[in-house]
Amino acid sequence: MSTPFPFTAVVGMDDLRLALVLNAVSPAVGGVLVRGEKGTAKSTAVRALSALLPELSVVPGCRFSCDPGAPDPGCPDGPHEPGPGAARAARVVELPVGASEDRLVGALDIERALSEGVKAFEPGLLADAHRGVLYVDEVNLLHDHLIDVLLDAAAMGASYVEREGVSVRHAARFLLVGTMNPEEGELRPQLLDRFGLTVEVVASREPETRVEVVRRRLAYDDDPAGFTGRWAGEETALRERIATARALLPEVRLGDAALLQIAATCAAFEVDGMRADIVMARTATALAAWAGRTDVLAEDVRQAALLALPHRRRRNPFDAPGLDEEKLDDTLEEYKGDDDPDPEGPDGPDGPGGGGGLPPQRGPEGPQESGPPDTPGESSSGRDDTPGPAEDGQPEQQPEPQPQQRAGGAGAGEQSAVAATEPFRTKTLSVPGLGEGATGRRSRARTEHGRTTGSRRPQGALTKLHLSATVQAAAPHQRARGRTGAGLVVRKDDLRQATREGREGNLVLFVVDASGSMAARQRMSAVKGAVLSLLLDAYQRRDKVGLITFRGKEAEVALPPTSSVDAAAARLESLPTGGRTPLAAGLLRAHDVLRVERMRDPARRPLLLVVTDGRATGGPDPVALAARAARLHAARGTASVVVDCETGPVRLGLAGALARDLDGTAITLDELRADRLAGLVRDVQQAGDERRGRAA
């Protein structure tokens, strides 16, 4: 077993270390979501937490880690006889992104259950994580059905395994800790709310800090055991402080003044539900215990808000995370009670803020102060966010003005980016036919979850039993198998897997016209609003998205296919317009992108959305060239929709002609709205049916 990197040797990242320590002090806080760019040691810090957790007392031989003082009455390994418990270390159990549902919740032996009536159950990761930590790296990439299982277990504190009338239940109470890179996609709001706290992590921009990070990492890689041994004293001291804070926690008083500040803060920031209030209360209490106090101060409430509220304020993936600290301070000041006890000194007993930050790092290599979180001009992650006056009396540098014309503008001036109109609810666009892609919410597909449509012989491990088909397969052989009792004699060859139909996520590739014909500000604002609306729809339906823009002489892949729709929205927001309309170049670039994506993920079907007025200019015979490029997509059977942006009383109908060449459907911006068109899905599906009919 590899030696984990010492928690106290992690450089900087004060907010992350504090959030993890608070969960160690009070597991009721509810876990941590760590958001940050790649390569910032998110996983290293989380894995290092295991060495700080206190030991557990468990029932000897119980696979579900029952507490001998209060064993689970429904434990599958029970009932447990009274007796002394066995001590073991708390676990940090990792859930891989590609794990199956059976690996997460456990598996039942269906053959033995049907033939012998025995509940032969193999526990999963939820059982391993009971009374410990369930860690999900890249939690935003976890499949939807696994997220649903996590939500149920986190809400009920138990896991239920159901297989055709055979049911097993066991306790599953755990801290949920996840790490994610926001560039790869966001989490569903329901799962976000299950994380007690959230922290943002970025790499330090200070050379000295980066040097120390590299120095410690190289020393650890050269001699993990020796490096860990040099930090053993720091680890022991931190572990003892956590134990002391845990013992003090029941004595901490959460007064009415602090409760009023918590409620007022949650109301001021308009968070949904009451979970935020409860998490803030538990976090503020843990902060007081960590600081060695028995009273919760306003500083604790403030720190709790900064950790517990940012991820609960996001209504859609385009909302920027974070909290307005000035508004937070005003709210706390307005609802400050007279009975709020004063801390010892201006900064409290535990340093600046009194909230109980982590102690300075004084490892074997010498003191390595990570700096207080509120150092002027520097966040806890090391990023300098505070603009200051220019040095040496020089005026501040202003950004260089954008050129009025790029080389690709072909004689037309470039116009700056315009803001999008408000997003709206769009009609559902789906890919015709029946797919087999990743689980989502857009197009029909064969999936592991959904309505049962038939049965087949299992290919590999049986996951969803089709009971009636299994009985029908076994029934004719009962006499030959010597059946004498009431039980059905079932063999492995009789088992039948249920085939189910649900919904899949698709690759939605946007091809957006940014040429001079789209440059009218009102039109481009409406176009951006429509694309933002479609992006929001793609986020809700669990699609991957990509963005291609074309103008001047060429097309550009503004965003390769990704799960991060907010990254696509950011690219769209800064999109300038102007120049000619190389429609063929945009379609050809889309053809190349889809060709590569088919090799990477052949099961994920694409949906091509071309947002244009249909004009094509530049080069010899641009209209014919665009038509030939469109027919390439039609030949590959790519489902296509053209969003016609042409406006005015006189319309040329060029977008409709393009849709015919694509063998797809054309709709206007007005028709895209959910309340304007009743048959959009039917039209897209009819186009696909007609295409298949012509092919036959």
Practice task
Flag the pair F64 / H130 as yes when their ring centroid distance falls below 6.0 Å, and as no otherwise.
Solution key: no
So do [Y] and [X] actually touch side chain to side chain, heavy atoms under 4.5 Å?
X    : Y    : result
V201 : R35  : no
T236 : R239 : yes
D295 : R293 : no
V214 : L218 : yes
V59  : D77  : no
L126 : L95  : no

Tell me whether [X] is salt-bridged to [Y], with the criterion being a basic N under 4.0 Å from an acidic carboxylate O.
X    : Y    : answer
R173 : D67  : no
R216 : E212 : yes
D137 : K42  : no
R302 : D329 : yes

Practice task
Please report the C-alpha distance between R604 and D601 in whole Å, then the side-chain angles of each, then the deciding distance to 0.1 Å, and finally whether the salt bridge (Lys or Arg N to Asp or Glu O under 4.0 Å) criterion is met.
Solution key: CA-CA 6 Å; R604 188 179 290 270; D601 189 359; 3.3 Å; yes
Practice task
Consider only side-chain N and O atoms of Y135 and S43, and report whether a donor and an acceptor are under 3.5 Å apart.
Solution key: yes
Handout entry: Distance-only polar pair, side chains of S65 and R88, donor-acceptor under 3.5 Å
Key =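 On atom types as modelled, these side chains qualify, holding a pair under 3.5 Å.
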Practice task
Could you check T294 against E251 for side-chain hydrogen bond (donor to acceptor under 3.5 Å, both in side chains), going step by step and ending with a plain yes or no?
Solution key: CA-CA 6 Å; T294 56; E251 302 176 22; over 6 Å; no
Practice task
For the pair V46 and T179, evaluate side-chain contact (heavy atoms from CB on, under 4.5 Å) and give the outcome as yes or no after the intermediate values.
Solution key: CA-CA 9 Å; V46 173; T179 57; 4.1 Å; yes
Practice task
Give the intermediate values and the outcome of side-chain contact (heavy atoms from CB on, under 4.5 Å) for residues V34 and V32.
Solution key: CA-CA 6 Å; V34 188; V32 186; 4.0 Å; yes
Practice task
Apply side-chain contact (heavy atoms from CB on, under 4.5 Å) to the pair S50 and R91, showing each step before the final yes or no.
Solution key: CA-CA 6 Å; S50 59; R91 295 170 178 161; over 6 Å; no
Handout entry: Heavy-atom pair of closest approach, residues M280 and A305
Key =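 The answer is CE-CB, 3.8 Å.
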